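A short write-up of the structure that comes next.
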Amino acid sequence: MNIPQGMAYAMLASLPAVYGLYLSFFAPLVYAVTGTSKDLAVGTYAIGSLMVRAAIQDVVPQYPLDEPPTNYMEYNNTNTTAISPPEWNREQELVDAAVIMALLVGVIQLAMGILRLGWVTVYLSDPFISGYLTGAACRVFTSQIDAMVGVKVRGHPGLLGLVYTYRDLLASAADWNYVTILISICCVLILISIKEIETKYKRQLHGYPLGSEIIVVILGVLFSYLLNLEEDYNVKVVGDLPAGVPAPSLPSTTYLTSLIGPAFPLAIVSYAIAIVVVSLFAQKKRYKIDANQELIAYGATNVVVSFLSGFPASAALDRSLVQDSAGGTSQIAGLVNSALMLVVLLWIGPLFEALPTAILASIIVVTLKEVFRKILAVPKLFKADLLDFHVWWVSCVAVLLFNVDFGLVIGIGYSIFMHVWRTQEPPCALLGRVDGTDLYKDIKQYSDATESRGIKIFCMQSSLYFVNIAHFMAKMYKLTGINPRKILQIKAREEEFEERNKKKQSKEMKKEGVLTSRETGEGNILTRRQGHYSQLSATVSNAISDNMEDDKDVNEWDNEHDEDIHGLEEGDGLIKEDKIHTIIIDCSSLNFIDSTALSGLRQLFKEYHKLGIKILLANCKKEVRDFLSRCNFYEDVGYEEKCCVFVTVHDAVLSAGKLPLTKKKSLPTTNHL
């Protein structure tokens with residue numbers, strides 16, 4: 001498998017086929033010394049080659065000035081400092097770019113390993129990886145169609161690049177080579193047939209592959225020599241495969257700065273793919289791996305191969321499975337593989353020069369079958385988890401519309417956003433005690449769960465941080481039936497109205513008292529008093545009337561407060577008849593609390609304290625308790641920790657049952673006027 005796939009994936013990366021053989025020889029040697037997996041096959045892989053292709057095709061121009069000259073003489077006369085067109089070798093420029101990219105990827109992975117950043121792959125969820133690989137597989141498939149039909153189509157990077165590529169393919173339909181198409185169809189049919197036989201008779205074959213790739217390569221070489229396909233039918237072949245191994249050399253730095261950006265996603269993706277394969281075998285065979293050491297191993301591999309004309313290496317799942325099926329139990333299998341590749345490079349390689357490139361393209365396309373087959377599982381994902389389904393299709397479409405690098409950023413970003421979305425409005429519930437037990441469950445889900453008189457037990461199924469603190473507070477107000485903000489607001493408005501009314505009444509009473517004294521003179525005291533009381537009654541009425549005109553109509557005030565009270569009666573904050581005196585927060589789901597949420601929690605404690613309601617915490621994890629202590633939370637809210645925090649909800653309920661009921665002022669009504 002390594003011989004045909006090495007050549008095929010090198011061509012997928014826009015490089016001559018022999019560079020895939022170089023990588024297949026050197027990479028296993030380095031990983032065998034530095035890696036921790038016993039079963040991983042390192043070398044070329046489709047996704048890594050595709051990302052290399054996308055990166056180097058973007059930075060290497062088609063021509064020295066990225067414009068095809070129309071007149072060589074004029075070009076040389078006007079561009080004396082530029083490289084002349086006959087000297088421009090874009091193929092070698094692509095090789096130089098791929099080699100320096102291997103060095104960049106290796107340095108990044110080494111740095112990540114030294115900094116112990118092996119955990120970064122935890123942000124790559126299964127739906128993201130599946131969607132990303134599906135989109136990348138579509139791009140790989142598209143990149144091989146031109147080789148399978150015998151034409152050369154320039155790739156289009158950026159938005160809608162795939163659409164433009166298919167447009168150009170259809171526009172060049174008149175130039176399609178039908179012999180090449182026939183070779184591709186026959187090759188695909190043979191590969192699929194042999195692989196289906198391997199699957200059907202896997203037990204009889206004891207897991208050994210039939211070598212479908214090498215079979216079609218040998219047949220392709222034979223027919224190419226016998227029928228002279230290159231000269232008689234204009235079929236493109238692999239071409240020059242020099243014998244020997246390359247001498248060590250320093251990579252060219254021409255495209256160093258341009259490739260720093262694309263090197264980061266390639267380093268992360270290649271590591272993520274490798275760690276998935278490594279973990280698969282480690283679980284199967286029950287041995288331990290070191291994620292950080294794996295990063296160092298991949299980094300060392302890429303750095304070394306960059307000095308030996310290699311492009312970025314990656315793990316290959318299919319070859320790893322074949323190696324395991326063939327009986328490989330250690331990296332000695334990789335060393336044997338490298339030894340055989342050395343034989344190919346020294347003596348057998350030139351025999352593959354007549355191999356049609358359409359066969360290598362067909363091998364790549366058939367290896368994508370398993371990736372495309374995973375699309376059948378998408379409907380199940382849609383039914384099981386809608387948010388994960390969104391992550392899948394966003395990651396896939398991002399790769400299709402843009403490229404593999406930008407698609408990686410979008411996919412990871414959207415995965416993290418979906419995780420935040422899940423915790424932004426987590427489910428909240430009131431708990432009640434299950435009869436005859438010390439268990440407290442959701443009163444809506446358990447009919448046997450009943451609430452304790454005067455106590456509300458509140459629970460949110462998530463950690464408490466800046467994203468969901470507002471949701472936490474709103475749900476507590478609604479479910480407990482007590483909204484301290486609204487209650488305190490109504491009381492404040494009532495007191496303000498009373499104060500204004502008293503001031504106006506006092507002013508009017510003084511004014512009317514002077515007038516009454518002047519009018520009655522030295523009349524009867526009783527008559528004067530009766531007149532005074534009559535005028536006082538009128539004064540109160542006038543004061544209320546004046547207040548209505550100056551501030552707001554009393555009826556409007558009544559209606560407004562009636563609406564507030566009505567809203568509270570529906571669960572937004574009315575203190576009910578059974579006089580709630582304690583709220584218990586079940587903290588069993590709180591793994592952490594951040595500083596923003598801590599401020600909200602302080603506010604809750606203080607607001608309910610003003611209403612005479614005490615808040616208790618139960619089932620707090622040690623990390624949460626330590627955080628509250630470090631932030632002086634208990635001092636700020638005026639509670640002692642031993643009186644506020646309890647081991648279980650039942651302990652908190654028993655403690656709350658000993659608390660006296662706190663008398664509260666009645667709500668304002670229209671009768672107050």
Side-chain angles (χ1 to χ4, degrees), residues 12-15 23 27 42 44-60 94 96-125 128-129 131-133 135-136 139-140 157-159 161 251-278 291-306 310-315 391 394-395 398-399 401-417:
L12 174 60
S14 303
L15 304 175
L23 182 61
V42 181
T44 58
Y45 189 55
I47 304 302
S49 297
L50 178 66
M51 296 184 72
V52 171
R53 175 195 181 100
I56 65 177
Q57 287 284 0
D58 284 346
V59 301
V60 178
L94 291 171
D96 292 342
V99 170
I100 194 63
M101 192 168 190
L103 179 60
L104 289 172
V105 170
V107 170
I108 292 171
Q109 290 177 333
L110 277 175
M112 292 174 63
I114 294 172
L115 296 175
R116 306 190 67 81
L117 298 179
W119 50 265
V120 295
T121 55
V122 300
Y123 293 102
L124 306 181
S125 63
F128 159 73
I129 293 175
Y132 179 82
L133 292 181
R139 282 194 166 270
V140 172
L159 184 64
S252 171
T253 59
T254 304
Y255 304 101
L256 176 65
T257 56
S258 302
L259 290 171
I260 292 177
F264 276 95
L266 178 55
I268 295 174
V269 170
S270 60
Y271 169 66
I273 294 173
I275 206 67
V276 168
V277 179
V278 167
N292 295 305
Q293 180 59 36
E294 285 295 301
L295 262 175
I296 294 175
Y298 306 142
T301 300
N302 282 312
V303 169
V304 172
V305 300
S306 69
F311 58 96
S314 182
V391 171
V394 167
S395 303
V399 175
L401 290 182
F402 301 98
N403 53 48
V404 288
D405 300 335
F406 199 49
L408 175 72
V409 176
I410 294 176
I412 294 178
Y414 194 77
S415 297
I416 296 175
F417 172 74

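Owing to the predicted nature of the structure, the values given are computational and were not obtained by experimental measurement.
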Nearest 0.5 Å, please: how far is CD1 in Ile412 from CD1 in Ile129? 9.0 Å

pair Trp119-Thr121: side-chain heavy atoms closer than 4.5 Å: no

Any donor-acceptor pair under 3.5 Å from Tyr132 side chain to Val404 backbone: yes

Please give me the minimum heavy-atom distance between Val52 and Met101, naming the atom from each residue. CA-SD, 4.4 Å

Hey, could you give me the CG/CG distance between Leu266 and Asp405, rounded to the nearest 0.5 Å? 8.0 Å

Indicate yes or no: at least one non-hydrogen side-chain atom of Leu408 is less than 4.5 angstrom from one of Phe128. yes

Closest approach of Ala136 to Leu50 (non-hydrogen atoms, all atoms of both residues): O-CD2, 3.3 Å

Any side-chain heavy atom of Phe311 within less than 4.5 Å of one from Ser49? yes

Using 0.5 Å steps for rounding, measure from the CD1 atom of Ile268 to the CG atom of Leu124. 7.5 Å

Report the C-alpha separation of Asp96 and Thr254 in whole Å, then their side-chain angles, then the decisive distance to 0.1 Å, and conclude whether the side-chain contact (heavy atoms from CB on, under 4.5 Å) test is met. CA-CA 8 Å; Asp96 292 342; Thr254 304; 5.8 Å; no

All heavy atoms of Val99 vs all of Pro251, minimum pair found to be CG1-CB, 3.8 Å

Working to the nearest 0.5 angstrom, can you tell me the gap between Arg139 CZ and Asn403 CG? 6.0 Å

Shortest non-hydrogen contact between Leu23 and Ala313, atoms and distance: CD1-CB, 3.8 Å

Taking only distance into account, with no hydrogens and no angle test, what donor-acceptor pairs under 3.5 Å do side-chain atoms of residues 104-115 form with protein atoms, sequence neighbours excluded?
from, atom 1, to, atom 2, distance (Å)
Gln109, OE1, Gly299, N, 3.4
Gln109, OE1, Asn302, ND2, 3.0
Gln109, NE2, Ala267, O, 3.1
Gln109, NE2, Ser270, OG, 3.0

Of all heavy-atom pairs between Ile56 and Ala97, which one has the smallest distance, and what is that distance? CG2-CB, 3.7 Å

Pairwise distance CD1(Ile273) to OG(Ser314) - rounded to 0.5 angstrom: 5.0 Å

Between OG on residue Ser252 and CG on residue Leu103, distance to nearest 0.5 Å: 11.5 Å

Closest heavy-atom contact between Gly310 and Ala102? O-CB, 3.6 Å

Taking Gly118's backbone N and O only, do any of them form a donor-acceptor pair with Tyr271's side chain (distance below 3.5 Å, no angle check)? yes

Relative to the ring of Tyr414, is the ring of Phe417 parallel (under 30°), tilted (30 to 60°) or perpendicular (over 60°)? tilted

